[in-house]
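Comments concern the structure below.
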Amino acid sequence: MHAPTSISLTVVAIKAMSPCVTDAARTLGCRDSAAASHLKLISLVVIFISSIVGISSPIFLARYFQGKPVYDKAILVIKCFAAGVILSTSLVHVLPEAFAALSDCHVASRHPWKDFPFAGLVTLLGALLALFVDLTASSHVEHGQSKPTGEYLPVVTQEGTTGKKVEKDLPNEELVKLKQKLVSQVLEIGIIFHSVVIGATMGMSQNQCTIRPLVAALAFHQVFEGMGLGGCIAQAEFKTGTVAYMCFMFSATTPMGIVLGMVVFAVTGYGDSSPNALIMEGLLGSMSSGILIYTAMVDLIALDFFHNKLMSSQTWLKKASFIALALGSTSMSILALWA
């Protein structure tokens, strides 16, 4: 009586484990540490150069248009293209990868990961964190609108003439620039999380069949993502030193993540399919996705399409901006076929 039951339970267990067994067999055929290390060293240079090209392109383009009548319009269209890239990065690349990492058979069979959708929860926390940072920084900016000028003007009273220190409001344009700088910084934080995850995952992998196509795909990925961030940096008009620092940080983060992954594998032996690595990848990816979704929708798209006077006053510019947004989203989404 009990034999059929035990056999059926064994069959169910084997079926449950079969994806992991199949994946392991496929991975063993491509596992070559020497070839993988060689590909990673090549990827360090390729990804660094492609990142520099991507993030610097909109910045140089903005400098080219600076002082010309079409400058404001060009910056707006570049920023809308950037918003499309960032939105697609968060929804088509980062979020699915985070869900896949926490749904992997090595993780989803363990408590508490099989009991609750942690990827969605951490994405929500990332969006709320971005909102909290936005509110806090905006509050500081608003309280800093009025500041002493340090000048004393004569005031006539009954007792005679006295000096009174006057306060002067910051121009509205300056407040807008402060907001744009904040958006660029929050956006770079979200992208850095994402870049570290990508780099570390690649660095821990010993699968040359996975790494080889990933190098080319990530190069294009970094170009478009860099264009997204570079468009926001260009509009914020940072000082040259700050622009150079932000460009370097974006360009170096993924290569640094690859090196970090290689060190982790050398020290611990953890591969990109180990449970701990998958959990870290899923949590960091989810947090990054929440930050990027909030920033793209609230600080980039909604701000320009609903609160930008220049766009509201010119219908053709609104259409051009929407087309740029769609092109940015489409170009980044197509890359999901390879990376």
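Remark: aromatic rings of His221 and His93 are close, center separation under 6.0 Å.
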I'd like a table of donor-acceptor pairs (distance under 3.5 Å, sequence neighbours excluded) in which one partner is a side-chain atom from residues 314-328, with atom names and distances.
{"residue": "Gln314", "atom": "OE1", "partner": "Trp316", "partner atom": "NE1", "Å": "2.9"}
{"residue": "Ser321", "atom": "OG", "partner": "Leu317", "partner atom": "O", "Å": "2.8"}

In a table with atom names and distances, give each donor-acceptor pair under 3.5 Å that connects a side chain of residues 42-55 to protein atoms at least two apart or in another chain.
{"residue": "Ser43", "atom": "OG", "partner": "Lys40", "partner atom": "O", "Å": "2.5"}
{"residue": "Ser50", "atom": "OG", "partner": "Val46", "partner atom": "O", "Å": "3.1"}
{"residue": "Ser50", "atom": "OG", "partner": "Ile47", "partner atom": "O", "Å": "3.0"}
{"residue": "Ser50", "atom": "OG", "partner": "Ala219", "partner atom": "O", "Å": "3.4"}
{"residue": "Ser51", "atom": "OG", "partner": "Ile47", "partner atom": "O", "Å": "2.7"}
{"residue": "Ser51", "atom": "OG", "partner": "Gln222", "partner atom": "NE2", "Å": "3.1"}

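With sequence neighbours excluded, no residue satisfies ring-ring contact (aromatic ring centres under 6.0 Å, His included) with Phe224. Contacts of Arg212 classified as side chain to side chain donor-acceptor pair (under 3.5 Å), with partners at least two apart in sequence or in another chain: Gln208. Phe305 is linked by a ring-ring contact (aromatic ring centres under 6.0 Å, His included) to nothing, counting only residues two or more places apart in sequence or in another chain.
Linking ILVMFWY side-chain heavy atoms closer than 4.5 Å, directly or via other members, places Met280 and Leu121 in a single hydrophobic cluster. No continuous path of hydrophobic side-chain contacts links Leu61 to Met246 [ILVMFWY only; heavy atoms under 4.5 Å]. Under the 4.5 Å side-chain heavy-atom criterion for Ile, Leu, Val, Met, Phe, Trp and Tyr, Ile301 and Val77 are members of the same hydrophobic cluster.
The environment of Tyr294 atom OH is dense: over 12 non-hydrogen atoms of other residues, nucleotides or ligands sit within 6.0 angstrom. The local environment of CE in Met256 is sparse, with at most 12 non-hydrogen atoms from other residues, nucleotides or ligands closer than 6.0 Å.
A 4.5 Å side-chain heavy-atom check between Ile78 and Met227 finds every atom pair outside the cut-off. You'll find the side chain of Pro275 reaches within 4.5 Å of the side chain of Arg110, heavy atoms only. In this structure, the side chains of His38 and Leu41 stay at 4.5 Å or more apart for every pair of heavy atoms. Using a 4.5 Å heavy-atom threshold, the side chains of Val298 and Leu303 count as separate. Between Ile233 and Thr242 the shortest side-chain heavy-atom distance does not fall below 4.5 Å. At a threshold of 4.5 Å between non-hydrogen side-chain atoms, the residues Met202 and Ile211 count as touching. At least one side-chain heavy atom of Val186 sits less than 4.5 Å from a side-chain heavy atom of Ile291. Counting heavy atoms from C-beta outward, Ser274 and His106 have side chains that stay 4.5 Å or more apart.
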Fill in: Thr136 and Phe132: CA distance, side-chain angles, deciding distance, side-chain contact (heavy atoms from CB on, under 4.5 Å) verdict
CA-CA 6 Å; Thr136 304; Phe132 175 76; 3.7 Å; yes

Fill in: Derivation of the side-chain contact (heavy atoms from CB on, under 4.5 Å) call for Ile59 and Cys247
CA-CA 10 Å; Ile59 294 172; Cys247 290; 3.6 Å; yes

Worksheet item: Can you list the steps and then say if Val92 with Leu335 is a side-chain contact (heavy atoms from CB on, under 4.5 Å)?
Response: CA-CA 9 Å; Val92 182; Leu335 281 180; over 6 Å; no

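The two residues Ser184 and Ala236 have their closest heavy-atom pair at OG-CB, 3.8 Å.
Taken from CG in Asp115 to CH2 in Trp113, the straight-line distance is 11.0 Å, to the nearest 0.5 Å.
A distance-only check finds a donor-acceptor pair linking the side chain of Ser88 to the backbone of Ser333 [under 3.5 Å]. The main-chain N or O of Phe248 is never found under 3.5 Å from a side-chain atom of Ser251 such that the two would form a donor-acceptor pair.
Pairs passing the salt bridge (charged side-chain N to carboxylate O under 4.0 Å, His left out) check and including a residue from residues 215-240, sequence neighbours excluded, read Lys177-Glu237.
Looking at Ser289 and Thr123, their side chains never bring a donor and an acceptor atom within 3.5 Å of each other.
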